[in-house]
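Taking it in order: structure first as structure tokens, then the write-up.
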Protein chains: 2
Amino acid sequence: MSHTLGIRQAQKQKTRQALLDAALVLLEEQSLSSLGLREVTRAVGVAPTAFYRHFRSTADLGVALVEEALGSLHPMIRTTVSTASDSAERIDRTVELIARHVETHPAHVRFVARERHGGVQPVRQAIRAQLERFAEEVRDELAKDPVSEGWSADDLLMLATLYVDQMLITASLFLEALDAPAEERDRVTRLAARQLRLISIGRRHWLE
Amino acid sequence: MSHTLGIRQAQKQKTRQALLDAALVLLEEQSLSSLGLREVTRAVGVAPTAFYRHFRSTADLGVALVEEALGSLHPMIRTTVSTASDSAERIDRTVELIARHVETHPAHVRFVARERHGGVQPVRQAIRAQLERFAEEVRDELAKDPVSEGWSADDLLMLATLYVDQMLITASLFLEALDAPAEERDRVTRLAARQLRLISIGRRHWLE
DNA sequence: CCATGCAGTTAACAACTGTTCTCTGGAATG
DNA sequence: CATTCCAGAGAACAGTTGTTAACTGCATGG
């Protein structure tokens, strides 16, 4: 399928990925707007000037990180929402899925939560675009559900946006609870599930 | 009531406020973690070393900004929520109130949204503490409402947290729409109102 | 009125930043 | 096999940063 690229292009992509990985680690304790290009190259063990072969600036690198963090998440979102039925177990499974994702990709989640309102405009824009895509995809899935009969397209997008924002809030809560005792993570799990349930109830009675 | 402080203390507080104001302006286009102390003093027109007379570090200044941005907001929140009745006009008035606050204090709102998940731990902690206080106050007001009869304290806090987060999301949306055409701000207004309405509906049917 | 306190200044420091230009070694190309 | 290409290295630049120490001048309190 994919063209086997030469050992030269391969090495280049390897360095590029090393820069992204190093940046992600450094960004756990600071914001992108304070991330220095030298800092990143130093962490990788490469000359500062090599940075320019891959990114115009750290803001540019940030945009690439957004793609890495959110780009591959679309199928996951779609299938999660599409598995219809508003049962309590379904909500629990969704919350559990968020918890798992935070556990396996904490740095990516932290990056998105941090830079969504961060100090670097192009990165904010990239995140906003991705989240809007998420909302539209959730809306399309919700539209297929019989519960959505009689809903206007606008109201469906309103609900989808609410769900997407709620997922991000939940993810951020799990992030803060990562090093906390298990009971704290349980508290977050129950809180998030009840909030989703309340929204689902509001959804079912929306047209009355 | 307040003791008239000497011309010396007065001048000191004036400089301190100038530092806070200058920092807030600089923070509109960057994050706190990249804000330099020299940058702030330069904007005020004061020697870099003068900074230390007021703050240990820029992180320390950030914590002071949190107090300035959120400290005086508690009475406003209380009265907004306490004015009972879930009528549509009440929701509209709440959304309008948020819009007004964002218009009159855009830099403060931006700062809180940005640093809530930002790269400076003490500031994140200060914001979290304030938001938790908000949630508890909202919970206490909700408890007085007859609609809350039969609700557990835990569920009330769950709903209060949902409201607080939703207010912040709404404020952040208004912020992004500040320089946008009036129709975009109207769109945000209607979106936020419908989301609050859906939550209110969920609230009314919670105990079924 | 005089001694003390202290907000703000001045000067200097080592360390760091982004960006430029020049160079090199090895892969890619024909 | 010879030529071109290009990812990365190296050195140098002007400018920035946080922090230190010792100072000055003026409001304060005895």
> Once you round it to whole Å, what is the distance between P of D:dT28 and CD of B:Gln11?
Replying inline: 11 Å
> Which of these passes side chain to side chain contact (heavy atoms under 4.5 Å, CB included) with A:Leu19: A:Val40, A:Leu24, A:Leu37?
Replying inline: A:Val40
> What's the CG-C1' distance between A:Leu26 and C:dC16, to the nearest Å?
Replying inline: 15 Å
>> For a quick check of understanding: with a heavy-atom distance under 4.0 Å over all strands, which category does A:Ala50 fall into, base, sugar-phosphate or nothing?
In response: sugar-phosphate
> Between the side-chain atoms of B:Arg8 and the base atoms of C:dC6, is any donor-acceptor pair under 3.5 Å?
Replying inline: yes
>> Go nucleotide by nucleotide along DNA chain C from the 5' end; which of A:Gln9 and B:Ala47 gets its closest nucleotide reached first?
In response: B:Ala47
>> For B:Trp206, does the six-membered ring have the charged nitrogen or CZ of A:Arg197 within the cation-pi criterion, i.e. under 6.0 angstrom from the centroid and within 45° of the normal?
In response: yes
>> Does either side chain, that of A:His74 or that of A:Gln130, offer a donor lying less than 3.5 Å from an acceptor on the other one?
In response: yes
>> Please report the distance, rounded to the nearest Å, between CD1 in A:Ile7 and P in C:dG25.
In response: 17 Å
> Whole Å only: how far is the CG atom of B:Leu35 from the C1' atom of D:dT17?
Replying inline: 12 Å
>> Measuring from the side chain of B:Leu37 (C-beta onward, heavy atoms only), which nucleotide among D:dT19, D:dT17, C:dT9 has the closest atom?
In response: D:dT19
> So A:His105 and A:His101, would you call those rings parallel, tilted or perpendicular, with 30° and 60° as cut-offs?
Replying inline: parallel
> The side chain of A:Tyr52 lies closest to which of these nucleotides: C:dG8, C:dG26, C:dT20?
Replying inline: C:dT20
>> Expressed as a whole number of angstroms, how long is the span from B:Lys14:NZ to C:dC6:P?
In response: 21 Å
> Whole Å only: how far is the CG atom of A:Leu61 from the P atom of C:dG18?
Replying inline: 12 Å
>> So, does A:Thr15 get its side chain near the phosphate of D:dA7, meaning an N or O under 4.0 Å from OP1 or OP2?
In response: no
> Atom CD of B:Glu39 and atom P of D:dT19: how far apart are they, to the nearest Å?
Replying inline: 15 Å
>> Categorize A:Phe51 for me: base, sugar-phosphate, or nothing, with a 4.0 angstrom heavy-atom threshold over every strand shown.
In response: nothing
> For B:Arg38 and D:dT20, what is the distance between atoms CZ and P respectively, to the nearest whole Å?
Replying inline: 13 Å
>> What I'd like to find out is whether the side chain of B:Asp21 reaches to under 4.5 Å of the side chain of B:Gln17, using heavy atoms alone.
In response: yes
> Is A:Thr49 side chain donor-acceptor paired with the C:dT19 base, going by distance under 3.5 Å alone?
Replying inline: no
>> Check this one for me: any side-chain N or O of B:Arg42 less than 4.0 Å away from OP1 or OP2 of D:dG18?
In response: no
>> So for B:Arg53 and C:dC6, does any side-chain atom that can act as donor or acceptor lie under 3.5 Å from a complementary atom in the base?
In response: no
